[in-house]
Q: 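Following this message is one structure expressed as structure tokens.
Hydrogens, waters and symmetry mates are skipped; everything else that's a heavy atom, side chains included, is used. Proteins come first, then strands; the chains are lettered A, B, ... in the order of their sequence lines, and each starts at number 1.
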There are 2 protein chains.
Amino acid sequence: MGCMTMSSAKINAAIDNLKQAGVRITPQRHAILEHLIQSMSHPTADEIYKALEGKFPNMSVATVYNNLRVFKEAGLVKELTYGDSSSRFDCVTTDHYHIICDSCGKIVDFHYPGLDEVESLAESVTGFDVGRHRMEIYGVCPDCKRKH
Amino acid sequence: MGCMTMSSAKINAAIDNLKQAGVRITPQRHAILEHLIQSMSHPTADEIYKALEGKFPNMSVATVYNNLRVFKEAGLVKELTYGDSSSRFDCVTTDHYHIICDSCGKIVDFHYPGLDEVESLAESVTGFDVGRHRMEIYGVCPDCKRKH
DNA sequence: AGACTAATTATAACGATTATAAAGTAAGAA
DNA sequence: TTCTTACTTTATAATCGTTATAATTAGTCT
């Protein structure tokens, strides 16, 4: 089973999901979704826009933003907001955290068993109803370490 | 020992810190620092700007941004970047996390014993040299719960 | 006081994102 | 099929937070 096949399956699942939510699958939407699923990175809206301008020379940035919002609302995509200027977008598959390189900006997925106890402690201490949490870890990636 | 006294002590400590780093204490810097320390919230640059325009009618927004950067570089202030449009600024006292109300945006400090094991697991799994991490918890605050 | 450096101000520029309006495209009913 | 309607894309302008620039002001040092 090659990579292509796995991506295709994911894309088809995502498209079925959208269709059931009553969202039309336009060529632009298909391409944005495909790019998000196939690229292992966590691209910005502008990176998606530039990656697809070969295939869609007339596509507007607004289309990218609009459809990322559509995908977010359908629960297919998460928006990642770090300190830097622009948001990154990540296909929702399984829950995971991110570790980010301070030197080159690379983002790597990383799994960690649930921090439920943090949430429950927060609930009891603050009186909030806790819904979710986010965590990022920062450091220097192996590639950047080597370059020193 | 009143609140005023504690705030004053913190401000004096911060000012000593800056002086030792060779930073001049201008009236604007004093006021921005004072506002950051005394306000229990985590204000945006614009909120600070507006809060001080009574005292400093001619102060420029650039002054607020410049000095927040100076304070950050001195290690006195942390910049908090959440999903929303503008950064918030937090006086560094002791390490803590934040819990944020999804409904009204209120930010409450909350302590939790170190998640060192997350950092070390991340190191061994990804090969990064880990330096730090951030975590935020999201939910609905008691005030907003009551209003339903 | 005079000279040098740093800080503030006013303003313009920038970049990411969103809003608007016009034109295009698909889907369903007659 | 054709009409109608709603949705989508496009091009463009607007918005907003933040940063850069240049001129002015204020401190500091001798």
Q: If I take atom OG from residue A:Ser8 and atom CD from residue A:Glu34, how far apart are they, to the nearest 0.5 angstrom?
A: 7.5 Å
Q: What I want to find out is whether A:Arg69 reaches A:Glu79 closely enough, with some N-O distance under 4.0 Å, to be called a salt bridge.
A: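 No, A:Arg69 and A:Glu79 are not salt-bridged.
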Q: For C:dT18, does OP1 or OP2 lie under 4.0 Å from any side-chain N or O of A:Tyr65?
A: no
Q: Please report, rounded to the nearest Å, how far the P atom of D:dG27 is from the CD1 atom of B:Ile25.
A: 13 Å
Q: Please walk me through it: do A:His96 and A:Asp90 pass side chain to side chain donor-acceptor pair (under 3.5 Å)?
A: CA-CA 11 Å; A:His96 60 267; A:Asp90 188 17; 3.2 Å; yes
Q: Which residues satisfy the side chain to side chain donor-acceptor pair (under 3.5 Å) test with B:Thr81, sequence neighbours excluded?
A: B:Arg134
Q: Check this for me: does any side-chain nitrogen of one of A:Lys19 and A:Asp16 sit under 4.0 Å from a carboxylate oxygen of the other?
A: no
Q: Can B:Asp46 and B:Lys50 be counted as an ion pair, charged N to O under 4.0 angstrom?
A: yes
Q: Nearest-Å distance, CD1 (A:Ile32) to C1' (D:dT9)?
A: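 Interatomic distance, CD1 of A:Ile32 to C1' of D:dT9: 11 Å.
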Q: Take the protein atom CZ of B:Arg69 and the nucleotide atom P of D:dG17, then report the distance between them rounded to whole Å.
A: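 Between P of D:dG17 and CZ of B:Arg69: 19 Å.
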Q: Contact class for A:Ser87 vs. all strands (heavy atom < 4.0 Å): base, sugar-phosphate, or nothing?
A: sugar-phosphate
Q: Rounded to whole angstroms, how far apart are CD on B:Glu47 and C1' on D:dC16?
A: 15 Å
Q: Send over the distance from A:Glu73 CD to C:dT18 P, rounded to a whole Å.
A: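 Rounded to whole Å, this separation is 11 Å.
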Q: List the residues meeting side chain to side chain donor-acceptor pair (under 3.5 Å) with A:Glu119, not counting sequence neighbours, and say none if there are none.
A: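 In terms of side chain to side chain donor-acceptor pair (under 3.5 Å), with neighbours along the sequence ignored, A:Glu119 is linked to A:His133.
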Q: Mind checking what makes side-chain contact (heavy atoms from CB on, under 4.5 Å) contact with B:Asp102, not counting sequence neighbours?
A: A:Arg132, B:Tyr138
Q: Rounded to the Å, how far apart are A:Leu18 CG and D:dC7 P?
A: 16 Å
Q: So if I take the C1' atoms of five pairs at each end of the helix from C:dA1-D:dT30 to C:dA30-D:dT1 and get each local axis, what angle do the two axes make, rounded to 10 degrees?
A: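 Inter-axis angle at the termini of the helix from C:dA1-D:dT30 to C:dA30-D:dT1: 20°.
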Q: Can you name the side chain to side chain donor-acceptor pair (under 3.5 Å) partners of A:Lys78, sequence neighbours left out?
A: none
Q: Base contacts versus sugar-phosphate-only contacts with protein, heavy atoms under 4.0 Å: please encode nucleotides 1-15 of chain C as B, S and - from 5' to 3'.
A: ----BSSSBB-----
Q: Starting at atom CG of B:Asp84, determine the distance to atom P of D:dC16, rounded to an integer number of angstrom.
A: 15 Å
Q: Tell me the interatomic distance from B:Tyr49, atom OH, to D:dT18, atom P, rounded to whole angstroms.
A: 14 Å
